[in-house]
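Note that this is a predicted model, so its numbers are computed, not measured.
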Amino acid sequence: MSSVCKCDCGKLSSSMNDNNWNRHINSCKVRKFKRNSHDIKSFFSGNKNKKSKLIHQITAVKNTIFDVNNDLNKDQSTPVNKESLVECEIQKDTEISSCLQNKDDMDMDIIKNDPAIFAKMSILSPEIKDYILKFGPCQPLQDDLPNKIFPYEINNEKTKRSFNDKHYYRILSDKSKCHRDWLSYSLSRNKIFCIHCMLFGTNLHSNLEKSWTKEGFNKWKNCSFAIQRHELTPDHVTSSLKCKLRQNNVPILPSIENNRKTQIAMNRQVLLDLIDIVIYMGRHNLAFRGHYEDWSSNSRGNFKDLVMLMSKNSEPLAEHINCIQQNGKRETSFISWQRQNQLIEAIAEDISFQIRSFIKTVRMFSISIDTTFDASRNEQISFIIRYADEVTGEVHERLLAVKESPITSGKKLYDIFVNVMEAENLNWKEELVGQSYDGASNMRGNYNGLQAHIKEESPQALFVWCHSHRLALVVKQAVSCNSNAVDLFGNLETLYIFLWCSKKRAAIFREIQIECGNMEGKNNPLHAVKRVSTTRWSSHAAALHVVLKFHNAVLKTLNKIKDSEGSADVVVGASCSGLISYLTSQRFLLTALLFKTIFQILEPVTRQLQSQDMDMLMATNILNNVIHQIKELRNDDSFKRLLKRTDEFAENSIVDFLPLVSSRPKRVPRKSGEHCQDEIISCPMKKFRIDTYNVIMDILLAELSGRFESTNIGPLKDLSLLSFRRIREVQNNPHIVPCDAFDALCIMYSQIDKNSLLTEYIEFCKNFTEIENSILLPKYLNNNLIVEDYEDSLELNAYSYDSAEEDSAKVVYHNIASTRELFKLFCLAKLANIFPNLYLVLKLSITLPVTSCSVERTFSKLKLIKTKLRTTMSQDRLDSLMKISCEQDIFINNENVILLFAAKSSVLTKCLIY
């Protein structure tokens, strides 16, 4: 060798040849690899019991694991779960029983503190450490053993070597003996251990220390030298010092532990008060923070002011505030703005957890999505999830998330949707059965819309165009179909701008309302003129209602404004004259009363469609009822009733209405080859009926049929078999069930077996009367009410919107035709096991969304939460506050909220977890 090399172990190459040196290098590498590598199974087994301390508390709330440190200080501050202690005690008893086999004559105290038992435990709780220190080291004497001798081993030299009980003592330089209280002998394994390093060791990764704590030492040839060398290691000295300090401090440990638990109990009580404050403020959409939140400020913001108010009746909260004011940042505060955000987030996480739990239980849900601008001009996307409760049969629509995105293309919305589903851990590709959006192209587009992207991954996710949006489009076409309709709502908008945009004119209108009420002897509440909005069709009905109800007051207001301001401002005078001329014309009166009749039919339908428990079959029946009522208006008798109401309104008015003016007939020259001529309508009333009345009715019928035609195709036709009429028909004659019944439904939802479904459907129809009578109690027991064609009355007149004055004694029948009621019937009678496939169909029918109105309701909450003064709110805080505000009927589990809040940081864990 040309030069001298040095190995990692310190050996030089000069003392051996090349072959021996290469062998030495390779063996050193192998030893180093084994020393530094660890079995992965031992790593996970070591952490398993650590997690088991708090996993049973936190797994039910959130997948968060608290790390438990085995250091002495941690042991004194972190209490032990009793369940983990019981598991350790069971494990100890198992080990002890295994060691006691064939050793019945041995001292039981020697076996109980066998170090081999505790060496197998991956974690030693403070109670187990006290147990080990109580019995002390296991140091059996030779005379205590059954054969009066320690077990011996025979080495290669055929020499017997064994442990000697003289090692229990150390001979000092002055010939005195010092007891080694750390040395513990295991009779079951014939090895010695260091219990001080086992209990309080900090560096147990080296082979030397591991042999004294886990594997045990049994090299009896060099036992004396090994024991002396271990006694001088720094790790052993540190462990022994910790053990002595612990034994000296044992009397005060219970009081320290008691004080710690008392402080934790007070902290949890403080947090319970803060949870109530946050829930109250979140549900009432109140701002939390103020401009100046110093304790010396008179107004510290809503949150701190409520905390101060609650502290007057809460001693723990008052003490917590006093500690914060005295100690400042040295005291752990639960009312800082960071803790506010963490507490709001914890409450929202508990709400989300409960929603996820329900969805994973029913394994079937639908989604509704819509977007809007907030006060800071950010595009907010709201996700509403719909599912059915299998216990009560109720339908719930819950806010799942609120996300922000400046781009709202179909692909971008799909990506955000996928991220939300993954964040909530929902199996949407298999459990999503429906989706409902408005008519925007980025939502309902057949190729690049959101619903198309979702259907590519989840074909069973049936898309339903929001019924309320479609009905709004129907009304929009009706109010702009001819000149009389346009003039009516155009003048109503002009009246709003003219009266309500001036404080003086608005005050005059209120004064005249009071005067008219006093003259009539009525104390009517004051009303404001409503605006005709182009995006919300219900504003048409509201604006028309106010003008017709306070028609005399409106005319008096216009005349007074004309007299006071018209002479000085010709524009004001001309505007008043134009509005008065139109509002006192018969053309206005006929058109207004016509639309009032239409709105009396459509407005209750809109409110009904916006309910959360609306199902597809009920919506179809309601729309069929609307079409039927509109058709009844398209005849001579209905027009005569309109003329009669017009005359009655004119008689109660303070002015005379200008009659319809007959226009001069236009003579159209006859063209070449034309042998007939158009009939000239000279009667203005007949012309109004043809050009206005009939046109509006025809537009309504055409739009209703065209817009809602898609509700009667595909799987939705199969759901119509669940109506009351069809069930009665099949009950009377089971052979009339169509051959292709439930075909489309079973093709889209493959988990439903068609043959079994048909069999269950027929059997259910046969026994429907008995099931219904056994579950539902009739309203009248003795009255024999006879209703002709009861099935027809349920199909067409189940939703009657006549006023109470017109028909106060009308009998209201329970609409069992709704699949929601049938599903409740299944839940009450517990028929899911008898008719499983039919139960799935019923659950599917009520899970399918009808409208996306719940998304619109969340936008109303959004405007209350994110106001102009709160535009800097973060997206996470907005999302959490929206969940608290929208889902007020969900019970908040305070214990789960505390655990979630404690998981936010290690400091909170120490302060809140026992």
Side-chain angles (χ1 to χ4, degrees), residues 475 478-479 481-492 495 516 520 522 524 527 529-530 532 537-538 540-556 579-606 625-662 683-701 797 800-810:
V475 177
V479 299
C481 61
N482 56 40
S483 59
N484 285 331
V486 172
D487 290 344
L488 172 65
F489 295 103
N491 280 284
L492 291 180
L495 179 65
C516 293
E520 297 175 358
K522 298 179 181 179
N524 295 325
H527 284 68
V529 181
K530 305 297 182 181
V532 179
W537 75 266
S538 59
H540 294 77
L544 183 61
H545 172 73
V546 171
V547 173
L548 289 177
K549 185 175 181 179
F550 300 96
H551 186 260
N552 293 334
V554 171
L555 293 177
K556 288 182 179 180
L579 290 172
I580 293 172
S581 175
Y582 177 75
L583 294 176
T584 56
S585 65
Q586 194 176 16
R587 182 168 70 98
F588 156 76
L589 197 54
L590 287 170
T591 309
L593 293 178
L594 170 60
F595 276 101
K596 179 182 178 181
T597 304
I598 295 172
F599 290 151
Q600 285 177 346
I601 299 174
L602 297 181
E603 189 175 7
V605 174
T606 301
N625 187 21
V626 170
I627 294 175
H628 176 75
Q629 294 184 36
I630 297 296
K631 286 181 178 179
E632 289 183 348
L633 295 178
R634 182 67 166 82
N635 54 46
D636 295 338
D637 295 336
S638 298
F639 186 73
K640 290 178 182 179
R641 288 195 294 268
L642 176 64
L643 295 179
K644 183 179 179 180
R645 289 198 299 270
T646 303
D647 296 338
E648 294 174 354
F649 188 89
E651 291 177 1
N652 298 326
S653 179
I654 60 176
V655 297
D656 295 331
F657 286 87
L658 299 177
L660 294 175
V661 179
S662 58
C683 178
M685 193 62 67
K686 184 177 180 180
K687 185 176 179 61
F688 177 84
R689 177 188 173 187
I690 295 174
D691 294 344
T692 302
Y693 186 86
N694 290 345
V695 169
I696 293 174
M697 294 301 170
D698 292 340
I699 289 293
L700 282 174
L701 290 174
N797 299 321
S800 178
Y801 304 106
D802 296 335
S803 61
E805 293 81 9
E806 295 178 0
D807 193 6
S808 59
K810 187 174 181 179

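Ring geometry for F599 against H540 counts as tilted: the plane angle lies between 30° and 60°, on a 0 to 90° scale. Aromatic ring orientation, F639 versus Y693: perpendicular (interplanar angle above 60°, classes split at 30° and 60°).
The number of heavy atoms from other shown groups lying within 6.0 Å of NZ (K549) is above 12.
Side-chain contact between L633 and I601 is present, with heavy atoms from C-beta onward closer than 4.5 Å. In this structure the side chain of I598 reaches within 4.5 angstrom of the side chain of M697, judged on heavy atoms. Considering only heavy atoms from C-beta on, D656 stays 4.5 Å or farther from T584 through its side chain. Residues V479 and L488 form no side-chain contact, since every pair of their non-hydrogen atoms from C-beta on lies 4.5 Å or further apart. Side-chain contact between L590 and M685 is present, with heavy atoms from C-beta onward closer than 4.5 Å.
At distances below 3.5 Å, not a single donor-acceptor pair connects side-chain atoms of T591 with backbone N or O atoms of F588. Under a 3.5 Å cut-off, the side chain of Y582 and the backbone N or O of R587 do not form any donor-acceptor pair. At least one donor-acceptor pair closer than 3.5 Å links the side chain of T606 to the backbone N or O of L602. The closest donor-acceptor contact from the side chain of Q586 to the backbone of F657 lies at 3.5 Å or more, if one exists at all. Of the possible donor and acceptor atoms, one in the side chain of H551 sits under 3.5 Å from a partner among the backbone N and O of L583.
Taken to the nearest 0.5 Å, the CG atom of L593 stands 14.0 Å off from the NZ atom of K644. One distance of note links SG of C481 with CD1 of I696; it measures 4.5 Å at 0.5 Å rounding. Separation of atoms CG (L579) and CG (L492) is listed at 9.5 Å; rounding is to 0.5 Å. Note that the OG atom of S638 and the NZ atom of K631 stand 14.0 Å from one another [nearest 0.5 Å]. To the nearest 0.5 Å, atom OG1 of residue T692 and atom NZ of residue K687 are 8.5 Å apart. Rounding to the nearest 0.5 Å gives a distance of 11.5 Å between CG of L594 and CG of L589.
Contact detail for N552 and S653: the closest heavy-atom pair is OD1-OG, 3.4 Å. The shortest non-hydrogen separation linking I627 to L701 is O-CD2, 3.9 Å. Of all the heavy atoms in C516 and K556, the pair that sits closest is SG-NZ, 3.9 Å. Between A592 and L544, the closest heavy-atom pair is O-CD2, 3.4 Å.
Taking T646 as the reference, nothing meets the side chain to side chain donor-acceptor pair (under 3.5 Å) condition, with sequence neighbours excluded. Evaluation of the side chain to side chain donor-acceptor pair (under 3.5 Å) rule for E632 yields H628 as partners, not counting sequence neighbours. Scanning for salt bridge (Lys or Arg N to Asp or Glu O under 4.0 Å) contacts around D647 gives an empty result, with sequence neighbours left out.
A donor-acceptor contact closer than 3.5 angstrom is absent between the side chains of N652 and E648. With hydrogens and angles left out, the side-chain atoms of T597 and R641 include no donor and acceptor closer than 3.5 Å.
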(message) Is there a ring-ring contact (aromatic ring centres under 6.0 Å, His included) between F550 and H527? Walk through the geometry before answering.
(response) CA-CA 9 Å; F550 300 96; H527 284 68; 4.9 Å; yes
(message) Under the criterion side chain to side chain contact (heavy atoms under 4.5 Å, CB included), I'd like the reasoning laid out for R645 against L642: C-alpha separation, chi angles, the key distance, then a yes or no.
(response) CA-CA 5 Å; R645 289 198 299 270; L642 176 64; 3.9 Å; yes
